[in-house]
Each structure stands twice: as structure tokens, then as C-alpha cells.
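Report on the structure given below.
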Amino acid sequence: YMGHFLSVYFFSPRLTAMFALARTLTRATAQRAARSLTTIDIKGIKETIVERSDYPNDKCRQILDQEVTAVLGYGPQGRGQSLNLRDQGFKVVVGVRKGRSYDRALEDGWVEGKDLFDFEEAADRGTILQFLLSDAAQVAMWPALRPLLTTGKALYFSHGFGVVYRDQTNIVPPSDVDVILVAPKGSGLTVRTHFLEGRGINASFAIHQDFTGRARDRVLATAMGIGCGHAFETTFEQEVSSDLTGERCVLMGMLQGAFKAQYDVLRAHGHSPSEAYNETIEEALCSLYPLVQQQGMDWMYANCSTTAQRGALDWAPKFEAALKPVIEECYQSVIRGDEARRSISLNSEPDYRVKLEAELAAVADQEMWVAGRALRPLRPENQKK
């Protein structure tokens, strides 16, 4: 009888209409609030930015008062986001398999049976499920998570990979949950250290599916809860294509390639390791790049010698012309799904971790990084007082 009653009650046309009205009113409220948000104009292209002042801690705690955030995975992003949420007073549980990550969680003060559980138990307890495993691990764990995504929960990602490449991952969320994303523009370690320094980190956010009508509030309250300073809206698809391209190009792959190319040229022409390292990496990271971060490339140019300015202005277009086709090739590889296929295939191999550590060891053994390890302790701030 009770089962019949619940079935009639929860699936009655009247209640369905009430839910629909609630969703409509919530969206209308969000739209009205959005008009007061900061709008920036970049050469005629207007974007709306959500700042911490739009979602202060009290507002975020009110939005998430009845929510339990289950952070599934305790890698760099899982650790950073969960600790920041906990430190700001949100209800958080962590779900992770026993092993190295589980031990790290215990060291960080999570208590087994209180707020630290295995993957399935944490997912069952949570209402906002932060799926923060690696892309390959998400593929492996999706069959275990899918049955625990009950009506009204929110499935949260920090990378849209699994959903966008669903033809390869089989990650297809049910239609009766919210599907949201917050992608911090930095590593999980940076998310944590910036929070501890009181700085915050910017992020993009996306709403792939809004079943409850509360997805926007849920995603933005969580974004500020994990320590974001401001957030800009995107889509799952745009986040993936920009993120994968950036990692392979300017942020990581191209950076390593450019550093090594210049270092090797200088060494081939008789420059010492210390000189090649300083002119390639040390000066860039410690002196020039911080100026770009502060006020832009023109600011950095303006604070260098006229000879340096002239050379940079003359050679930058040549590098742009040489690099743009390579970056376009990379972008198209991302869009086709080639990068996803390679990542899933290699990361799923049982000995992948061993192979990865060997690759990273080979990078660490490159002469320029050996030089770096020898020279960094000599920086004035690293000298013992």
C-alpha cells in the first residue's frame, strides 16, 4: 500500500506541475540576479563574470545547507576541493579506495566512518557528487556510480571529458539529475595553496543539465566553496577543447618543447649549463613571466631594455606563424576525439603508472632540469639565514 501511495504521490500530474513551476521560478530569479553581475567588454565581446561578492560564504552555505558534497577521488583536485569546502564549513564526505590516497586523506584529518568512506558509500550519502577521479578512472568507476545517481542529485565534474566523449567513455548521466562543472584554472595543489594564502583561483563553470532548476545556484555556491575568486560560464564541450589544447600547447607541452629547444641551441654553441638555464628558464619564470601575470605582455616589454623590446617585437610574429599550424593541428586532434582515445587507451593499461614514472624520470634527467635542481637552491630566498 505504501509503495502504491508513494508512486501515486510522487508521480502525480499535480506534483509534476509543482516541480515544473518551482524550476521556472528559480530560473527566473537567477536570470534577474544575473543582470546585476559584472560584465566585461573585450573589444566588443561582452562576457558576464560571477564574483565572490555575488556568492559570499553566507549565501553559499544557505544554498548548500541541505546538501552533502561527496568528493569521489582524492587526487590533486579531490584533495584541494574537499579540504577547502571543509575549511569553509560545508558538509563534505570523501569517497576513495583504500591505498595511498586513502592514507593521505587520513593524514589530512578525514575520519573513517564519519566523513571518509569507500567510493560507493560516499556516493550514496552525497547529494552533490564530485566525480574527481582521473578521466580513465572515471570510465572504470562509472558502472559503480551510475546506480547511485538518484533523482535530484547533482553530478559534478571539474573536466567535461567523460561527458563530451561519451561515445568512448559510456558516461551518460540519467535525465533526472543536475549535471554541472567547475573547472579551476590551475592544479589541485594550486586550488589548495591559493585558498590558504587567501587568494582564490579563477574557474569556468558549466551547466550541462538542469533537472532541479537549482543547478546554477548549486554550481556557483560550490565554485566559491572550493575557493574560486571568480568564475566565467562555458559549456562542457568548450571547456574540454580549450583545456586539452592548452595542456598540450602553451601550458605544458609547448612550454617544455620551447624551453628544451632554446636550451639545446645555447648548449650546442658553447654556453654553459648555468648560462643556458638562466637565459632560458630562470629569468623567464622568476623575472619576466611574473610581469606578464601582473599587467600583461606590453607591461613586461615596457620594463625591459629597448634592445630586448625590439627583438621580441620582431621575432614574436615569426614564432606565431610557425606555431599556429601546430596548435591548429592539436586542436583538430582534440575535436576529432583522437586525444581522448589515446588518453583512455594508454591510461587504462595496467602498467601505465610504471611507464609514466619512467617518462617523467626521463624529463627530470634532461640536463636543463638537472641544472635547475642545482641552481634553484642558490636563489637568495633559498639561502639559509
Side-chain angles (χ1 to χ4, degrees), residues 64 67-88 90-106 108 110 115-146 148-149 153-165 169 171 173 177-195 201 203-208 218-228 231 236 239-240 243-244 247 343-344 347-348:
L64 301 179
E67 307 274 13
V68 175
T69 300
V71 179
L72 307 176
Y74 207 70
Q77 284 293 345
R79 179 177 184 270
Q81 294 191 32
S82 63
L83 289 174
N84 291 357
L85 285 165
R86 185 181 72 180
D87 287 355
Q88 296 204 80
F90 296 97
K91 294 187 282 288
V92 189
V93 297
V94 171
V96 63
R97 302 288 191 200
K98 290 196 174 180
R100 186 167 56 183
S101 295
Y102 195 94
D103 294 340
R104 182 74 184 277
L106 289 171
D108 287 334
W110 301 100
D115 50 22
L116 177 61
F117 304 94
D118 65 21
F119 181 92
E120 290 83 358
E121 178 71 13
D124 188 50
R125 288 171 176 262
T127 58
I128 298 176
L129 310 188
Q130 292 192 337
F131 202 20
L132 299 182
L133 300 172
S134 69
D135 295 326
Q138 285 186 12
V139 175
M141 293 303 296
W142 177 247
L145 178 61
R146 173 61 180 82
L148 301 172
L149 284 166
K153 288 191 176 186
L155 177 59
Y156 167 111
F157 295 88
S158 280
H159 188 29
F161 186 101
V163 171
V164 171
Y165 297 115
T169 65
I171 295 177
V177 300
D178 293 344
V179 183
I180 56 180
L181 173 147
V182 177
K185 299 308 158 187
S187 69
L189 177 61
T190 309
V191 169
R192 181 59 177 165
T193 55
H194 278 206
F195 173 81
I201 191 169
S204 60
F205 74 95
I207 301 168
H208 183 73
R218 278 172 140 180
V219 72
L220 288 172
T222 303
M224 301 309 163
I226 68 170
C228 293
F236 273 55
E239 187 278 330
V240 168
D243 187 72
L244 292 183
E247 291 167 347
S343 178
I344 293 171
N347 293 355
S348 299

Exercise. Which word best sums up how the rings of H208 and F236 line up, parallel for under 30°, tilted for 30 to 60°, or perpendicular for over 60°?
Worked result: tilted
Exercise. Passes side-chain contact (heavy atoms from CB on, under 4.5 Å), F119 versus L145? Steps please.
Worked result: CA-CA 8 Å; F119 181 92; L145 178 61; 4.0 Å; yes
For this session: Output yes when a side-chain donor or acceptor of S187 lies under 3.5 Å from a complementary backbone atom of T190, and no otherwise.
Result: yes
For this session: Decide, yes or no, whether a salt bridge links R97 with E120 under the criterion of side-chain N to carboxylate O below 4.0 Å.
Result: yes
For this session: Evaluate the criterion side-chain contact (heavy atoms from CB on, under 4.5 Å) for residue pair V96 and R104; output intermediate values, then yes/no.
Result: CA-CA 10 Å; V96 63; R104 182 74 184 277; over 6 Å; no
Exercise. Side-chain contact, heavy-atom cut-off 4.5 Å: T222 with E67?
Worked result: no
Exercise. Going through the checks in order, is the side-chain contact (heavy atoms from CB on, under 4.5 Å) test met by L72 and M141?
Worked result: CA-CA 10 Å; L72 307 176; M141 293 303 296; over 6 Å; no
Problem set entry | Atom pair CG (L244) and CG (D135), whose distance is rounded to the nearest 0.5 Å | 7.5 Å
Problem set entry | Heavy-atom closest contact (L132 atom, G78 atom, distance) | CD1-CA, 3.8 Å
For this session: For residues L148 and L129, report the shortest heavy-atom separation together with the two atoms involved.
Result: O-CD1, 4.4 Å
Exercise. What heavy-atom pair brings Y102 and F117 nearest, and what distance separates the two atoms?
Worked result: CE1-O, 4.3 Å
For this session: Evaluate the side-chain proximity of F195 to Q88: yes if any heavy-atom separation is below 4.5 Å, no if none is.
Result: yes
Exercise. Do the side chains of L155 and V163 get nearer than 4.5 Å, heavy atoms only?
Worked result: no
Exercise. Are side-chain heavy atoms of V179 and F157 found at a separation under 4.5 Å?
Worked result: yes
Problem set entry | Pairwise distance OG1(T69) to NZ(K91) - rounded to 0.5 angstrom | 9.0 Å
Seminar exercise, completed: Output for pair (D243 CG, E239 CD), nearest 0.5 Å, gives 5.0 Å
For this session: Could you tell me how the ring of W110 sits relative to the ring of Y74: parallel (under 30°), tilted (30 to 60°) or perpendicular (over 60°)?
Result: perpendicular
Exercise. For G126, does its backbone N or O pair with a side-chain atom of K153 as donor and acceptor, under 3.5 Å?
Worked result: yes
For this session: To the nearest 0.5 angstrom, please state how far the CD atom of Q77 sits from the OG atom of S134.
Result: 12.5 Å
Exercise. Hey, does V139 have a side-chain heavy atom less than 4.5 Å from the side chain of Y165?
Worked result: no
For this session: Examine distances only and state if a side-chain atom of D178 and a backbone atom of A154 form a donor-acceptor pair shorter than 3.5 Å.
Result: no
For this session: Rounded to the nearest 0.5 Å, what's the gap from OG on S82 to CZ on R192? Could you check?
Result: 8.0 Å
For this session: Taking all heavy atoms of V182 and all of P184, pick out the closest pair and write down the distance.
Result: O-CD, 3.3 Å
Problem set entry | Close side-chain approach of L64 and I128, heavy atoms under 4.5 Å | yes
Exercise. Out of curiosity, K98 NZ to D118 CG, how far, rounded to the nearest 0.5 Å?
Worked result: 9.0 Å
Exercise. Shortest non-hydrogen contact from Q81 to S158?
Worked result: NE2-OG, 2.9 Å
Seminar exercise, completed: In terms of heavy-atom contacts, A231 and F205 come closest through CB-CD2, 3.8 Å
